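Here's a structure for you.
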Amino acid sequence: MFRKFVIGDIHGYYSEMMELLEAVRFDYKNNLLISLGDLVDRGPKSLEVIEELRKIQNFIHILGNHDDWCYQYLKYGNEAIEWFYQGGNETMAAYNANPELKDIHLGFFENARLFYIDEQSRLFVHAGFDWKIPFDEQKEIKETLLWDRTLFAAASVYSRLGKRFDEFSEIFIGHTPTQVLGKSIPLHFSNLWMMDTGICHGGKLTIMDIEEKKYWQSK
Ligand SMILES: [Mn+2]
């Protein structure tokens with residue numbers, strides 16, 4: 001069976017990612033994994049996370065803001081000061097210790113997408129989008145897709161009003177940890193799923209079966 005999974009922000013937590021791939025018996029050849037981005041920084045093994053994900057045949061990488069910082073570093077040597085203080089320091093050090101991975105990972109990041117819409121009209125994006133404007137008018141506005149924190153707030157209002165985001169059947173985002181709402185499980189508001197359950201904020205890492213909505217979390 002072709003199973004499809006979505007995983008929240010991994011942030012270098014390699015062991016927890018492996019724990020989840022094993023828990024779902026992930027098939028590296030025949031299953032699909034969609035990452036909502038922010039693979040690197042903060043956790044102990046950013047480069048190992050990428051090395052592992054490179055082995056998956058059907059892997060879709062949605063670019064996160066941390067991934068973009070890392071990409072800008074690998075491509076142009078940019079050492080963004082805000083990145084440095086949010087885990088980039090350790091990631092840069094890891095690349096300096098493993099320079100042979102720089103070009104390989106640059107290629108990996110170049111395959112990332114700003115968003116993905118599947119055949120069932122589900123949207124996967126790192127942070128969100130401006131829900132007041134049609135998606136088509138903003139689908140290339142990287143800043144919004146990578147940094148938004150208004151969509152989840154709108155979704156929580158929508159869920160109370162019984163409204164939904166009509167352009168998509170479902171929306172999956174990372175970026176804003178569920179800890180901002182006091183939870184460590186994926187949150188479902190209206191037709192939006194918040195998948196960043198805050199592994200680097202005292203929470204957990206989560207993987208979910210996209211069709212069944214069954215999810216698994218790191219210990
Ligand atoms: Mn993020």
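Just so you know, ligand 1 is whichever comes first in the structure, and atom 1 is the first atom listed for that ligand. The shown structure was predicted, so the numbers you read here are calculated from the model rather than taken from an experiment.
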For the Mn ion (ligand 1), how many protein N, O or S atoms lie at less than 2.8 Å? 4
Aromatic plane relationship, Y73 with Y95 - under 30° parallel, 30 to 60° tilted, over 60° perpendicular: tilted
Parallel, tilted or perpendicular, as decided by the 30° and 60° cut-offs, for the rings of F108 and H105: tilted
Using distance alone, with no hydrogens and no angle criterion, decide if N78 and W83 have a side-chain donor and acceptor under 3.5 Å apart. no
Would you say D67 and H61 are linked by a side-chain donor-acceptor pair, where the criterion is simply a distance under 3.5 Å? yes
Say whether, by atom type as modelled, one donor and one acceptor occur between the side chain of N58 and the main chain of L33 under 3.5 angstrom. no
Listed pairs under 3.5 Å, donor-acceptor, residues 198-208 side chains, sequence neighbours left out:
{"unit_1": "T206", "atom_1": "OG1", "unit_2": "T197", "atom_2": "OG1", "d": "2.6"}
{"unit_1": "T206", "atom_1": "OG1", "unit_2": "Q217", "atom_2": "NE2", "d": "2.9"}

